[in-house]
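Take a look at the structure below.
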Number of protein chains: 2
Amino acid sequence: MTTTTPPAGYTFDDTAPPPSPVGLEDLERLKASVLFGADDAAALAMAGDVLEDQVTDVLDTWYGFVGSHPHLVASFAGPDGEPVQAYLDAVYQRFGRWILDTCRRPYDERWLAYQHEIGLRHTPEKKNRTDGVDAAPVVPLRYLIAFIFPITATMRPFLERKGHPAADVDRMYAAWCKSVTMQVALWARPYAVQDW
Amino acid sequence: MTTTTPPAGYTFDDTAPPPSPVGLEDLERLKASVLFGADDAAALAMAGDVLEDQVTDVLDTWYGFVGSHPHLVASFAGPDGEPVQAYLDAVYQRFGRWILDTCRRPYDERWLAYQHEIGLRHTPEKKNRTDGVDAAPVVPLRYLIAFIFPITATMRPFLERKGHPAADVDRMYAAWCKSVTMQVALWARPYAVQDW
């Protein structure tokens, strides 16, 4: 996959994106809650280099997992119950960007703004709109949370593949787990605004 | 800590507990989403034996973590902003039971019913009521999700402590991570009933 042309619907670098209701102080508290520190940012930068040419393999692993479970594919299905291929493809491209963004982008206000956008795109407020599709109206929150496990556990072999010492793989893997958990917590906001 | 006398407010074994709105089919889908299978149940049974006499140490680690972060202790704080000690103590006892229940209880309808109860006890619907305290009305969903990381990562050294082969520790640790992620997904239900 190319990482130079922005995928359709990838609005991270838009001029003046709508800001997140979550501020930098909230983010600091969330980072502390998953023990995410400067070492983790450095480990993710390393992971970005490790993963850069493996993004397609990672995505294929995840799509294979989703594709083998009807209750997970259902989030991509139209009214006829069949997965909408154009939707799967568009998400695939953005999901690839997300892997590298998780590793390489600073976790700042712009990042928070795009996290907010990603969260909304899982919920009735904005799902399907980016890609102009008529798929299921929401990704159920329980599967968003459950997905933390496969999306972290499957990452380890990819982090090992470039021959880094075990201690570095451990650091990259832990940082990946922390960041994914934190991002799912951010994406959960629109599901539970009041009690988030 | 004793594990023979049921702690106050521990209603797992009540006669005819209110059933969970989540059924066994939903649970199977959730298990599949975190790749939880029979091997994991067996690994957790092993973990139960490893952890049985370390429950207090595990809890002290977690309480130390929560206690060192004002935004996490806040869930235990009363109107004066001070943590309610009786509440911390009561949760401590039930939390210890929860560790062993995660390892040893069958994940059946009774378990689902208690998961439902645990979820409600984090939200305005039932928080504080079990212990008759006047603490914060909700555990924010974001911290419930974020807590997946510390509550899993900190477990590994305890699983290693009894000299099991690395492969067994890996199995116990993976099973623990899967179960905790799945349980947090279950506890998230009252936050997002419609879109859960």
Side-chain angles (χ1 to χ4, degrees), chain A residues 22 25-36 40 65-66 68-72 74 122-125 127 137-154 156 170 173-175 177-196, chain B residues 22 25-36 40 65-66 68-72 74 122-125 127 137-154 156 170 173-175 177-196:
Chain A
V22 178
E25 270 189 45
D26 292 319
L27 178 60
E28 286 308 312
R29 287 189 203 103
L30 212 40
K31 280 182 177 173
S33 307
V34 297
L35 298 101
F36 189 96
D40 295 296
F65 176 73
V66 170
S68 65
H69 291 94
H71 67 278
L72 298 178
H122 288 87
T123 68
E125 201 170 329
K127 192 169 174 293
V138 67
V139 176
L141 177 61
R142 64 191 181 279
Y143 298 138
L144 192 74
I145 296 171
F147 213 53
I148 292 173
F149 185 82
I151 224 168
T152 51
T154 55
R156 196 171 178 103
D170 285 347
Y173 182 65
C177 293
K178 292 173 187 184
S179 181
V180 169
T181 305
M182 179 166 72
Q183 290 185 65
V184 170
L186 287 168
W187 301 343
R189 189 180 180 284
Y191 293 84
V193 175
Q194 193 85 337
D195 293 323
W196 179 76
Chain B
V22 178
E25 271 189 44
D26 293 319
L27 178 60
E28 286 307 312
R29 288 189 201 101
L30 211 41
K31 280 182 179 173
S33 307
V34 297
L35 297 102
F36 189 97
D40 295 297
F65 176 72
V66 169
S68 65
H69 291 94
H71 67 279
L72 298 179
H122 289 87
T123 69
E125 201 171 329
K127 192 170 176 291
V138 67
V139 177
L141 177 61
R142 64 191 182 279
Y143 298 138
L144 192 74
I145 296 172
F147 212 53
I148 291 173
F149 186 82
I151 224 168
T152 52
T154 54
R156 198 173 177 100
D170 285 347
Y173 181 65
C177 293
K178 293 174 187 185
S179 181
V180 169
T181 306
M182 180 165 72
Q183 291 184 64
V184 170
L186 288 168
W187 300 343
R189 188 179 180 283
Y191 293 85
V193 175
Q194 192 85 336
D195 293 325
W196 178 76

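Note that the coordinates shown come from a computational prediction; the quantities given were computed from them, not determined experimentally. Residue numbers start from 1 in every chain, and the chains themselves are labelled A, B, ... in the order their sequence lines are given, proteins ahead of strands.
Using modelled atom types, one finds no donor on one side chain facing an acceptor on the other under 3.5 Å when comparing A/Ser33 with B/His69.
One finds the CE atom of A/Met182 at 9.0 Å from the CG atom of A/Asp40 (value rounded to the nearest 0.5 Å). Interatomic distance, A/Ile145 CD1 to A/Ile148 CD1, rounded to the nearest 0.5 Å: 6.5 Å. The distance from atom CH2 of B/Trp196 to atom CG of A/Leu144, rounded to the nearest 0.5 Å, is 13.0 Å.
Looking only at heavy-atom pairs under 4.5 Å with chain B, the residue among A/Lys178, A/Arg29, A/Arg189, A/His122 that has the most is A/Arg29. In terms of heavy-atom pairs under 4.5 angstrom with chain A, the leader among B/Thr181, B/Val184, B/Asp195 is B/Asp195. When B/Phe149, B/Tyr143, B/Phe65 are compared by the number of non-hydrogen pairs under 4.5 Å with chain A, B/Phe149 comes out ahead. Here A/Ala192 is the residue among A/Ala192, A/Ala174, A/Ser68, A/Ala153 with the most heavy-atom pairs under 4.5 Å with chain B. In terms of heavy-atom pairs under 4.5 Å with chain B, the best-connected choice from A/Val138, A/Leu72, A/Val139 is A/Val138.
The main-chain N or O of B/Ala175 is never found under 3.5 Å from a side-chain atom of B/Ser179 such that the two would form a donor-acceptor pair.
Proximity to chain A (any heavy atom under 4.5 Å) is shown, for B/Val34, by both the backbone and the side chain. Only the side chain of B/Pro124 has a heavy atom closer than 4.5 Å to any heavy atom of chain A. Of the two parts of A/Pro137, neither the backbone nor the side chain holds a non-hydrogen atom closer than 4.5 Å to a non-hydrogen atom of chain B.
Between A/Leu186 and A/Pro190, the shortest heavy-atom contact is O-CD, 4.3 Å.
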